[in-house]
Amino acid sequence: MLDIQWIRANAAKVQEAAAMKGIDVSVEQLLNCDDTRRKLLYQSEQLRQQRNEGSRQVALLRQNGNDELAIEMSSKLKQINIAIEKLSKELDTIQQEYSSLMLLVPNVPSSDSPTGTSDADNVIVRQVGELPQWSFKPRDHVELGTLHGMIDIPRGVKTGGSRSYFLKGDGYLYHRAVQQLAMDLLMGHGFIPFEVPLLVKEERMVNTGYFPTGRDQAYAIKEENLWLAGTSEVPLVSYFADEIVDVKQPLKLAAMSTCFRSEVGSAGRDVRGLYRVHQFSKVEMVVICEPDSELSDQLHREITQYSEELLELLELPYRVMAVCVGDMSQKTYKQYDIETWMPGRGSYGETHSSSNLGSFQARRSNIRCRDEEGKTTYCHTLNNTAAASPRILIPLLENHQREDGSIYIPKALRKYMGDREMLIPVTQ
């Protein structure tokens, strides 16, 4: 959420951001709504002052025995009360419209974010690692997973419907190993590990910026008015909602959680394998810091580097992408995506997303800190994927395969995999 005075002073810039992010909101309508809201608030306050003064006069008149004048004044007060009630209803209506419009206003992206309308317009920042070369026809992760008895998609679909799967045996162990490596890495960088609620209140989805624009991507538990979180970013940020926090040192939080997304709008896309599924596990990092743009920009680069560090430990080729405005979410100020080489797709595929939200999310969640003068101000928040599985298994299996179907285990993962160097096929 942006400050309404800032929106008023930068109306054209905010409207341009909405257009580039594909959000249907009229800044002019919002400002007109705010004008009406302020006018009604002023009128209501004036009438309440008149009523208070009139009540005081009625009391004095009765105290002095002027009952006739007191009755006359009481009659006027009834009319004032009727006017206040009418204004109150008008104010409720306009306040609802104002609040709805404010929730649609996007964060204005950084000046160095690329322009564009989709991920095709994202810009390569750097490319790391050599792409594998084989003297044989490589298998994709579905073939490898079947060969090793570690992935079962048909039974997943039978049990949970489309985009469902089972991981078993080494598939489960590999899935857990990557997550534990990621969590250990983050803890080494000062992150505090959390176990978080998977079910969250609707207001927490709103306040973290996932609603209203991303409502169709979430699963609802309607009987409880709760939602399944699509990322532990939601509960981690909500942990400090409505609080004044000490951020002299940035707060670094991390969680390993199961996540759920409906993938509405992806019909027919990435239907094979584990790339786009409804349920997955993710190690997420969240940082809350002082509202200093240079500091949050520096932290953004740092948390992106942590994901790169993980991919280097996994011995995988990847590239870092500066995300264009049209590929950003409503809440994002600046974003980097990391794409890892996936031989089965013949292309890089997104595995990590690192975002700086400025004060947008903290304002909605009411997370504040004190400045040098002791005044409260809204913090900056950032988030990034450390590891998302089973998607990360795609490049792990495909890049490290051998001609006989065995799979090389990167050195950093071996301590979580029984000190094995290779995964050996269990079926031929």
Side-chain angles (χ1 to χ4, degrees), residues 126-136 138-151 167-191 193 252 254-256 273-275 280-285 302-320 338-345 348-352 354 384-426:
R126 56 185 167 272
Q127 191 163 307
V128 179
E130 297 294 326
L131 302 188
Q133 301 293 325
W134 291 290
S135 59
F136 60 93
R139 300 173 174 90
D140 71 9
H141 69 284
V142 176
E143 295 172 295
L144 289 166
T146 302
L147 184 65
H148 285 259
M150 64 170 68
I151 300 171
L167 296 178
K168 58 179 182 174
D170 282 337
Y172 171 79
L173 295 177
Y174 225 29
H175 167 78
R176 295 293 296 173
V178 177
Q179 293 176 73
Q180 192 58 57
L181 175 63
M183 185 59 82
D184 289 349
L185 174 67
L186 294 184
M187 290 170 64
H189 286 297
F191 282 78
K252 296 181 176 182
M256 185 189 306
L274 302 176
Y275 190 82
F280 54 98
S281 297
K282 186 151 68 91
V283 179
E284 183 78 1
M285 53 186 112
E302 286 182 12
I303 62 176
T304 303
Q305 182 59 47
Y306 298 155
S307 295
E308 293 186 67
E309 189 176 337
L310 178 78
L311 289 172
E312 287 162 15
L313 287 171
L314 298 179
E315 303 174 40
L316 294 173
Y318 67 89
R319 64 186 187 184
V320 179
I338 299 180
E339 299 177 343
T340 307
W341 179 250
M342 299 182 180
R345 296 165 64 90
Y348 288 90
E350 179 199 328
T351 52
H352 300 75
S354 175
N384 184 26
T385 314
S389 186
R391 185 178 290 190
I392 194 64
L393 298 184
I394 299 173
L396 266 174
L397 301 181
E398 293 180 353
N399 283 283
H400 294 319
Q401 65 179 293
R402 301 294 186 257
E403 186 171 7
D404 64 356
S406 60
I407 299 168
Y408 165 82
I409 301 175
K411 292 181 178 64
L413 286 177
R414 292 176 188 173
K415 62 183 177 180
Y416 309 106
M417 297 291 293
D419 292 320
R420 288 178 289 170
E421 297 182 7
M422 304 289 291
L423 295 176
I424 307 301
V426 296

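Because the structure is a prediction, the values reported are computed rather than measured.
Going from atom CG of Leu423 over to atom CD1 of Ile409 covers 4.0 Å, rounded to the nearest 0.5 Å. Here the straight-line distance linking atom CZ of Arg139 with atom CG of Leu147 works out to 5.5 Å at 0.5 Å rounding. Interatomic distance, Arg345 CZ to Asp140 CG, rounded to the nearest 0.5 Å: 11.0 Å. Within the model, atoms CG of Leu173 and CG of Leu413 stand 11.5 Å from one another, a figure rounded to the nearest 0.5 Å. How far NE2 of His175 is from CZ of Arg391: 14.0 Å, rounded to the nearest 0.5 Å. Taking CD of Glu284 as the start and CE of Met256 as the end, the distance is 12.5 Å to the nearest 0.5 Å.
No side-chain heavy atom of Val283 sits under 4.5 Å from any side-chain heavy atom of Phe191. Side-chain atoms of Leu167 and Ile151, non-hydrogen and from C-beta on, do get closer than 4.5 Å to each other. Under the 4.5 Å side-chain criterion, counting only non-hydrogen atoms from C-beta, Leu314 is in contact with Leu181. Between Tyr348 and Gln127 the shortest side-chain heavy-atom distance falls below 4.5 Å. At a threshold of 4.5 Å between non-hydrogen side-chain atoms, the residues Ile392 and Leu311 count as touching. In this structure, the side chains of Tyr174 and Leu396 come closer than 4.5 Å at one or more pairs of heavy atoms. Between Met150 and Leu397 the shortest side-chain heavy-atom distance falls below 4.5 Å. Inter-residue side-chain proximity for Met342 and Thr351 is flagged as met; some heavy-atom pair is nearer than 4.5 Å.
Annotation for His352 and Ala386: closest pair NE2-O, 3.0 Å, computed over non-hydrogen atoms. The shortest non-hydrogen separation linking Leu313 to Pro410 is O-CB, 3.7 Å. Nearest heavy atoms, Ser354 versus Asn384: CB-OD1, 3.2 Å. Among all heavy-atom pairs drawn from Met417 and Ala177, the shortest one is SD-CB, 4.0 Å.
In terms of the salt bridge (charged side-chain N to carboxylate O under 4.0 Å, His left out) criterion, residue partners of Arg319 (sequence neighbours excluded) are, by chain and number, Glu339.
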**Request:** Starting from the C-alpha separation in whole Å, work towards a yes-or-no answer on side-chain hydrogen bond (donor to acceptor under 3.5 Å, both in side chains) for Glu302 and His189.
**Result:** CA-CA 10 Å; Glu302 286 182 12; His189 286 297; over 6 Å; no
**Request:** Could you check Met285 against Lys252 for side chain to side chain contact (heavy atoms under 4.5 Å, CB included), going step by step and ending with a plain yes or no?
**Result:** CA-CA 7 Å; Met285 53 186 112; Lys252 296 181 176 182; over 6 Å; no
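In this structure a side-chain-to-backbone donor-acceptor pair under 3.5 Å is present from Gln401 to Glu398. Between the side chain of Glu312 and the main chain of Glu309, no donor-acceptor pair closer than 3.5 Å is present. Proximity of a side-chain donor or acceptor of Asn399 to a complementary backbone N or O of Trp341 within less than 3.5 Å is detected. Of the possible polar contacts, none joining the Glu308 side chain to the Ile338 backbone as a donor-acceptor pair under 3.5 Å is found. Distance alone, capped at 3.5 Å, is enough to place a donor-acceptor pair between the His141 side chain and the Leu274 backbone. Judged by distance alone, with hydrogens and angles left aside, the side-chain atoms of Tyr275 form a donor-acceptor pair with the main-chain N or O of Glu350 at under 3.5 Å. Proximity of a side-chain donor or acceptor of His148 to a complementary backbone N or O of Val426 within less than 3.5 Å is not detected. The backbone N or O of Thr385 sits less than 3.5 Å from a side-chain atom of Ser307, completing a donor-acceptor pair. For His400 (side chain) and Leu316 (main-chain N/O), no donor-acceptor pair under 3.5 Å exists by modelled atom type.
Dense packing is recorded around OH of Tyr408, with more than 12 heavy atoms of other residues, nucleotides or ligands lying under 6.0 Å away.
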